[in-house]
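Each chain gets a letter, A, B and so on, in the order its sequence line appears, and its residues count up from 1.
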2 protein chains.
Amino acid sequence: MRQETIENYLKTIYNLSSNNTAVVNNQKIADRLSLNPATVTEGLRKLHELKYIVYEKSYGSRLTASGSKLALDIVRRHRIWETYLAKELGFGWDEVHAIAEELEHVNNVKLINKLASILGNPIYDPHGDPIPDEKGKIQKSNFIKLSEAKVKFYYKVMGVTDHSTTFLKYLEKHNLIIGASINIKTIEDFDNSIVLICQKKEVNISPKAAECIIVQSI
Amino acid sequence: MRQETIENYLKTIYNLSSNNTAVVNNQKIADRLSLNPATVTEGLRKLHELKYIVYEKSYGSRLTASGSKLALDIVRRHRIWETYLAKELGFGWDEVHAIAEELEHVNNVKLINKLASILGNPIYDPHGDPIPDEKGKIQKSNFIKLSEAKVKFYYKVMGVTDHSTTFLKYLEKHNLIIGASINIKTIEDFDNSIVLICQKKEVNISPKAAECIIVQSI
DNA sequence: ATTATCTTTTTGGCATACCAAAATTAATAA
DNA sequence: TTATTAATTTTGGTATGCCAAAAAGATAAT
Ligand SMILES: [Mn+2]
Ligand SMILES: [Mn+2]
Ligand SMILES: [Mn+2]
Ligand SMILES: [Mn+2]
C-alpha cells in the first residue's frame with residue numbers, strides 16, 4: 001500500500017473516532033476520502049493485514065497502537081503546517097487546511113520539529129484543534145460544543161469542527177474567531193437557535209452552526 | 001499519468017538537457033529516476049501524447065513549450081524550498097535536496113511566492129543553481145566548471161553540480177563553499193588534478209571533483 | 001416476524017506504474 | 001564493412017488503487 005494512502009486512511013479513522021474511542025464505520029470513511037465503499041472495504045482489509053487497525057467485518061474499525069502512533073504523527077504534521085502557514089506565512093484560517101493536506105505527507109521529523117519550535121511548540125492549531133507533541137501526546141481539554149452551552153453563561157470560542165471556507169468566512173463576519181468571548185442571551189425553544197452577544201453585537205446562530213463551534217466556559 | 005510522475009520526468013529532462021538545448025537520451029533519465037529503461041520508454045511515449053515533450057524513437061527527447069513551462073515551475077519550487085530550508089529553517093546545504101524532492105510537488109503558487117518574497121526573491125539556491133522567476137525566466141550567467149579554469153587566475157565558487165552529502169561535506173571541509181575566493185596554483189599535466197589556494201590553504205582537487213564545482217572569473 | 005432500507009462485501013474490470021527478458025535498432029571498433 | 005557492444009523498444013506480466021453493479025448482511029419500521 002502506498003504510504004500516502006495509508007496515512008489518509010489512518011488520519012481519517014482517527015478524526016472520525018473522537019479521541020480514538022469510538023469504532024468507525026466504512027461509509028463515513030468513504031465520504032471523507034471521496035471513495036467508493038467497495039474501495040474502502042478493500043483498503044481496510046489491507047490496513048488490518050498491516051496491523052494498523054483492527055477491522056471486524058460489517059462492524060467497523062479501530063486503530064491499533066501502531067496505527068494510532070502513525071495517525072497521531074500525521075495529525076501533528078497537518079496541524080503544525082496549518083499553524084505555520086497561518087502564523088508565519090500569512091495565510092487565512094480558511095486557506096490553510098487545503099495546503100496542509102499536501103504538506104502533511106512530507107515526512108521529516110527534523111523539519112516538523114523545527115517548524116513547531118519556531119512557533120513556540122503550539123498546543124492548538126488555527127481551528128482550535130489540539131496538536132499532538134512529538135510523542136503523540138495531546139493536551140486534554142474541557143471544551144464543549146456551542147450547541148451544549150447554557151443561557152446567561154459566558155464562553156470563549158476555542159475551535160471549529162467544520163473547516164470549510166464558507167463556514168469560516170461566515171464566522172469571521174460575526175467576529176466569532178478563536179479566542180472571542182461570548183455570552184449566551186437566549187436559546188429559542190422552537191428551533192434551538194442561539195442568540196449570543198459577541199463584541200457587543202447580537203448574533204443569531206443556527207443549531208447546525210452551533211454544532212460546529214467549540215467553546216469553553218469562562 | 002499521475003502529476004507527480006509527470007513532474008519528475010519533466011524536471012529530469014530539463015536538468016539533463018543543460019538549459020533545454022540538448023536532446024536527452026533515455027538511459028540518463030532511467031538512471032536519474034532509478035527506473036527500468038522499459039519504463040522510461042513508456043513514460044516518454046505518454047509525455048509525447050500529452051504534448052509535454054517531443055520524443056523521437058531511438059533518438060531522444062526535448063521539452064515542448066508547455067513541458068518547459070511545467071519543468072521550470074517545478075525547478076523553481078524545488079530551489080525556492082531548498083533556499084528556504086537553508087536560510088530560514090537552518091538546514092545544511094547537504095540536507096535540503098532530499099526534503100525539497102518531496103516539497104516540490106506541493107503545487108500552490110501563493111505559497112511559493114510567499115517563501116520567495118520572505119527570502120527576498122533569491123536568484124540562486126544553496127548549490128548555486130539559478131532559480132527561475134514566476135514566469136520561468138532564469139538569470140543567465142558566465143559560470144564555468146573548475147575543470148576549465150586556468151592557472152594563475154582568480155575565481156569565486158558559484159555552485160556545485162553534485163548534491164550528494166559526501167561531496168558537499170568534503171567541500172565544506174576545505175572551505176570551498178559558495179562565495180569562496182580561490183586562486184589556481186597549478187594544474188598537473190599528469191592527471192589534470194588542480195592545486196588551488198582557498199583561505200590561504202592549499203587544496204588538491206581531483207579532476208572528477210573539478211567537474212562538479214562551478215566558478216566565475218573575478 | 002416480516003418487510004423495507006441502509007450498509008457492507010463480492011465480483012469483475014479498468015488504468016497506472018512498474019519490471020524482466022527477449023527482440024530490435026543504433027553506434028563503435030576491428 | 002562486418003562484428004561487437006550498447007541503447008532502446010516490445011512483449012508479457014505483476015501490484016496497486018480505484019469503481020459499478022450485484023449479492024449478502026445488518027438495522028429499523030411496521
Ligand atoms: Mn485541517
Ligand atoms: Mn485544523
Ligand atoms: Mn536539489
Ligand atoms: Mn539545488
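Between the P atom of D/dT10 and the CG atom of B/Asn26 lies a distance of 11 Å, rounded to the nearest Å. In this structure, B/Tyr59 atom OH and D/dA6 atom P are separated by 22 Å, rounded to whole Å. For the pair A/Leu47 CG and D/dC18 P, the computed distance is 11 Å after rounding to whole Å. Nucleotide C/dT9 holds its P atom 14 Å from the NZ atom of A/Lys46, rounded to whole Å. Here the C1' atom of nucleotide C/dT16 and the CG atom of B/Leu50 are 13 Å apart, to the nearest Å. D/dT9 atom P lies 8 Å from atom CG of B/Leu44, rounded to whole Å. Rounded to whole angstrom, the span from the CD atom of B/Glu56 across to the P atom of D/dT8 amounts to 14 Å. Between the CD atom of B/Gln27 and the C1' atom of D/dT9 there is a distance of 13 Å, given to the nearest Å.
When side chains are defined from C-beta on, B/Asn192 does not count as touching B/Ser147, because their heavy atoms never get closer than 4.5 Å. The shortest distance between side-chain heavy atoms of A/Arg45 and A/Thr41 does not fall below 4.5 Å.
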Close N/O contacts between protein and nucleotides 10-13 of chain C (under 3.5 Å):
from, atom 1, to, atom 2, distance (Å)
C/dT10, OP1, A/Lys57, NZ, 2.9

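Here the side chain of A/Met1 is nearest to one of D/dG17, D/dT8, C/dT8, namely D/dG17.
Under the side chain to side chain contact (heavy atoms under 4.5 Å, CB included) criterion, B/Glu102 pairs with A/Val106, sequence neighbours left out.
Looking only at atom types and distance, the side chain of B/His78 has no donor-acceptor partner in the side chain of B/Asn15 under 3.5 Å away. The closest side-chain donor-acceptor pair between B/Asn113 and B/Arg76 falls under 3.5 angstrom. For the residue pair A/Thr21/A/Asn19, the side-chain donor-acceptor check at 3.5 Å is not satisfied.
Of the residues in residues 2-18 of chain B, those with a non-hydrogen atom less than 4.0 angstrom from any atom of DNA chain C are B/Arg2, B/Thr5.
Taking CG of A/Leu70 as the start and CG of A/Leu10 as the end, the distance is 5.5 Å to the nearest 0.5 Å.
B/Asn25 has no side-chain polar atom (N or O) that falls below the 4.0 Å cut-off from OP1 or OP2 of D/dA7.
Distance alone, capped at 3.5 Å, is enough to place a donor-acceptor pair between the A/His127 side chain and the A/Trp93 backbone. Judged by distance alone, with hydrogens and angles left aside, the side-chain atoms of B/His174 form no donor-acceptor pair with the main-chain N or O of B/Val203 at under 3.5 Å.
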